[in-house]
Amino acid sequence: MRASEWPLGETQVSAMRRSQYFLPTLKENPAEAQIVSHRLMLRAGMIRQESAGIYSWLPLGFRVLQRIEQIVREEQDASGALEVLMPTIQPADLWRKSGRYDDYGAEMLRIKDRHEREMLYGPTNEEMITEMFRAGVKSYRDVPRMMYHIQWKFRDEVRPRFGVMRGREFLMKDNYSFDLDYEGAKQSYNKMFVAYLRTFARMGLKAIPMQADSGPIGGDMSHEFLIVAETGESQIFADRDFLDMDWKDQKVDYQDAEQIGGIVKHFTSRYAATDEKHDPAKCPLSPDRLVEARGIEVGHIFYFGTKYSKPLGCVVSGANGEQIAVEMGSYGIGVSRLTGAIIEASHDDAGIIWPEAVAPFKVGLINLRSGDAKCDAACADIYGKLRQAGIEVLYDDREETAGGKFADMDLIGLPWQLIVGPRGLAAGKVELKERRTGKRDELSAEDALARLGRPAA
RNA sequence: CGGGGUGUAGCUCAGCCUGGUAGAGCACCGGCUUUGGGAGCCGGGGGUCGGAGGUUCGAAUCCUCUCGCCCCGACCA
């Protein structure tokens, strides 16, 4: 698609001819990849390893990453958090103030600039955001606030593995809350708790919040969010309620502390534990309520009080003129990790099965006989109509054998395949195949377009 | 960071033990035939054998050093 095909000011819909795309798929499994998501991401031409734990994102993979990022962004915004962007490179001095420069150890990538100033590639941003907030606020009227960014981080893992699931360079959403007191901090925490449930549900995932070690602060305000995936790293035991929750029609009002608190209470009062903490003898759930699953951690939220605000002098004046160190919490989602985690949760032997919300394209249009005038014309017509209808489509117009196109399309996992071949066309039909179920329907092109135009089920 | 493995064409790998100047399948290019689940035949292009040093008349192969990558463990969004 050329930009000049579009009048100025008109929204461009992503439609792509495979013959114009950069999608280097592999028939065989690369030897370096061990787990299924890593193998499939390499085979589907989504990523390319540049160094241990460091990846380039190719066009298809980058589209998915951006989809995920956008869902995370929208749910953060909905909760009232404000998006900012902090740099990847930070000065060492900032971390000396909090005492973490020495504590962080070899995981922190330390570098020097041309003036021999010590810098680092940020593994996280508590210090920087605290400084940013401190410099911009003075009064208790300036809280509460939540600020987040979606930025690349670097942790020099001893042993990166599992592809983007545990890279050294990774894309993360980290949000930070600033409140006047514990009660306020708890409300911010609750908002994020709910935002996380919504975020993962929107991506078609089952997420289970599990109480996590909260470190030196103590208390119960630390949860890890694990999404359910057969090949997950952790064994989990949890109440059915987590898997039965349905957010489709649920409206959330983040200003309604009672409603938000109610949702949090509903889930935090349910049982969930990893195999390390699960004791069958003490499990409060009846067998029919207990589900066993495997999970992958994709988010972590926690409250840490004044751990950074005190050493960094992040204080506001209270109503009576007193100086109050702000109460903080931080809330992370591993955005690049989610790309792999979603594949772990949604694939079969043939390849990836994208949930529609994060799919790089909604439809794969397969021309079974490129070069055949009727097939070419029918496909060109359908391609144009899909684009006009605002339905994102990848059109495989290459001169490949049918089997190759089918296998490739299954591999990259677009939710729908629209198959056009001479046999069907002779009967005035095309075939619509749902990737997830494998269900196929023969119908007219018009009916197929109408079906695809409907919102996701 | 401990333990193990590996590095030969874009991908998967053989060749190494026993030194003689590099191969297969897939992918790619051209031609013909095919065409509804990774096609067939013919022809073709492509490799500093990770790098450096050494032994030797001769090194992908033997020796030394070095770098990269992978796996198990400890650690982790």
Side-chain angles (χ1 to χ4, degrees), chain A residues 22 24-35 38-39 42-43 45 48-55 68 72 104-108 122-126 150-175 196 212-213 222-227 233-234 295-302 330-341 349-351 366-372 375 396 398-412 417-427 429-431 433 438 440 442:
Chain A
F22 182 69
T25 55
L26 300 171
K27 201 192 287 194
E28 290 175 279
N29 280 321
E32 78 221 41
Q34 211 52 217
I35 61 162
H38 191 194
R39 283 202 299 261
L42 290 167
R43 285 191 52 207
R48 186 188 123 82
Q49 177 166 316
E50 301 295 357
S51 173
I54 300 177
Y55 296 87
I68 294 170
V72 169
Y104 219 93
E107 270 201 359
M108 180 183 279
T124 178
N125 287 69
E126 278 86 2
I150 299 171
Q151 176 65 293
W152 292 92
K153 309 282 194 292
F154 196 94
R155 290 182 196 168
D156 198 357
E157 297 277 348
V158 190
R159 190 184 156 210
R161 61 184 127 167
F162 305 148
V164 300
M165 297 261 286
R166 188 162 169 207
R168 292 194 292 171
E169 189 184 51
F170 56 96
L171 188 61
M172 183 176 170
K173 182 283 299 180
D174 40 327
N175 184 20
Y196 275 37
D213 293 329
S222 174
H223 284 86
E224 290 175 350
F225 286 75
L226 287 86
I227 62 163
E233 58 207 344
S234 321
I296 300 170
E297 187 187 344
V298 291
H300 194 171
I301 62 176
F302 55 98
S330 85
Y331 316 89
I333 289 179
V335 176
S336 49
R337 164 176 265 209
L338 262 170
T339 314
D349 290 343
I366 298 178
N367 184 342
L368 283 180
R369 194 161 316 168
S370 295
D372 175 89
C375 286
D396 194 343
R398 295 171 306 160
E399 299 204 7
E400 271 286 323
T401 57
K405 290 186 181 182
F406 285 135
D408 239 30
M409 204 57 92
D410 283 347
L411 174 64
I412 66 173
Q417 295 174 13
L418 193 48
I419 300 159
V420 178
R423 206 172 69 195
L425 280 185
K429 302 282 186 187
V430 297
E431 188 173 303
K433 172 181 159 187
R440 303 147 177 278
E442 294 231 332

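Residue numbers begin at 1 in each chain, while the letters A, B, ... track the order of the sequences. Excluded from the calculations below are hydrogen atoms, water molecules and symmetry mates; all remaining heavy atoms, backbone and side chain alike, are included.
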*Could you check whether A:D408 gets within reach of a base, just the sugar-phosphate, or nothing at all, counting any heavy atom under 4.0 Å?*
base
_Less than 4.0 angstrom between a side-chain N/O of A:T401 and OP1 or OP2 of B:G38, yes or no?_
no
*Between the side chains of A:D410 and A:Q417, does any donor sit under 3.5 Å from an acceptor?*
yes
*When the distance from CD of A:E157 to P of B:C70 is rounded to whole Å, what number comes out?*
13 Å
*B:A77 pyrimidine/purine six-ring stacking with A:F170, under 5.5 Å and 30°*: yes
*Across the strands shown, which category fits A:G421 at heavy-atom distances under 4.0 angstrom: base, sugar-phosphate, nothing?*
base
*Starting at atom CD of A:E32, determine the distance to atom C1' of B:G5, rounded to an integer number of angstrom.*
15 Å
*Please state the P separation for the pair B:G38 and B:C28 - nearest whole angstrom.*
16 Å
*To the nearest Å, give me how far apart CZ (A:F154) and P (B:A77) are.*
16 Å
_Quick one: does any side-chain atom of A:K173 pair with a main-chain N or O of A:Y331 as donor and acceptor, under 3.5 Å?_
yes
_Restricting to side chain to side chain contact (heavy atoms under 4.5 Å, CB included), what partner residues turn up for A:T401, sequence neighbours left out?_
none
*asked:* Using heavy-atom distances to pick each residue's nearest nucleotide on RNA chain B, tell me which of A:R337 and A:F406 is more 5'.
replied: A:F406
*Determine which nucleotide pairs with B:U21, using a 3.5 Å limit on both distances of a Watson-Crick or G-U wobble pair.*
none
_Gap in Å between the two C1' atoms, one belonging to B:G47 and one to B:U12, rounded_ = 16 Å
*Rounded to the nearest 0.5 Å, how far does OH of A:Y55 lie from CZ of A:R48?*
11.5 Å
_Distance in angstrom units between A:N175 CG and B:A77 P, rounded_ = 17 Å
*Considering only side-chain heavy atoms of A:I419, which listed nucleotide, B:G36, B:G38, B:U35, is closest?*
B:G36
*Counting only side-chain N and O atoms of A:S51, is one of them less than 4.0 Å from OP1 or OP2 of B:C69?*
yes
_Donor-acceptor pair under 3.5 Å, A:R168 side chain vs B:C76 base_ = no
*Starting at CZ of A:R166 and ending at P of B:C69, how long is that distance when rounded to a whole Å?*
15 Å
*With a non-hydrogen cut-off below 4.0 angstrom, is A:K433 in contact with a base, only sugar-phosphate, or nothing?*
base
*Do A:E400 side-chain and B:G38 base share a donor-acceptor contact under 3.5 Å?*
no
*Would you indicate which nucleotide in B:G37, B:U12, B:C1 comes nearest to any side-chain atom of A:D410?*
B:G37
_Between A:R155 and A:P123 (side chain of the first, backbone of the second, donor and acceptor by atom type, cut-off under 3.5 Å), is there such a pair?_
yes
*Given the P atoms of B:U33 and B:A14, what is the spacing between them in whole Å?*
39 Å
*Would you indicate which nucleotide in B:G36, B:C76, B:C13 comes nearest to any side-chain atom of A:A31?*
B:C13
*Report the nucleotide, chosen from B:A77, B:C69, B:C72, that has the shortest atom-to-atom distance to any side-chain atom of A:A52.*
B:C69
*Base of B:G37 paired with side chain of A:R440 (donor-acceptor, under 3.5 Å)*: yes
*For nucleotides B:U21 and B:C49, find the distance between their C1' atoms and express it as a whole number of Å.*
12 Å
_Atom-to-atom span, CG of A:L338 to P of B:A77 - whole angstrom_ = 14 Å
*Is there a donor and acceptor pair, one atom on the side chain of A:K405 and one on the base of B:G36, closer than 3.5 Å?*
no
*Identify which nucleotide among B:G38, B:C75, B:G36 has an atom closest to any side-chain atom of A:R43, counting heavy atoms from C-beta outward.*
B:G38
_Of the listed nucleotides B:G38, B:G36, B:C75, the one nearest the side chain of A:R161_ = B:C75
_Using a heavy-atom cut-off of 4.0 Å across all strands, would you classify A:G403 as base, sugar-phosphate, or nothing?_
sugar-phosphate
*Toward the 5' end of RNA chain B, which comes first, A:T25 or A:V164, by nearest nucleotide?*
A:T25
*First locate atom CZ of A:F170, then atom CD of A:Q151, and finally report the distance between them rounded to the nearest 0.5 Å.*
11.0 Å
*Considering just the side-chain nitrogens and oxygens of A:Q34, establish if one lies under 4.0 Å of OP1 or OP2 belonging to B:C72.*
no
*Candidate nucleotides B:A74, B:A77, B:C70, ranked by approach to the side chain of A:Q49 - the nearest*: B:C70
*Could you check how far NZ of A:K27 sits from C1' of B:A39, rounded to whole Å?*
10 Å
*Length of the CZ-P vector between A:R398 and B:C28, whole Å*: 9 Å
_Could you identify the nucleotide paired to B:C26, looking across every strand shown and requiring Watson-Crick or G-U wobble geometry with both distances under 3.5 Å?_
B:G10
*With heavy atoms under 4.0 Å as the rule, sort A:G167 into base, sugar-phosphate or nothing.*
base
*Considering only side-chain heavy atoms of A:R159, which listed nucleotide, B:A74, B:C28, B:A77, is closest?*
B:A74
*What is the pairing partner of B:C1, taking Watson-Crick or G-U wobble pairs with both distances under 3.5 Å in any strand?*
B:G73
*Does A:E28 get its side chain close enough to the base of B:G25, under 3.5 Å, for a donor-acceptor pair?*
yes
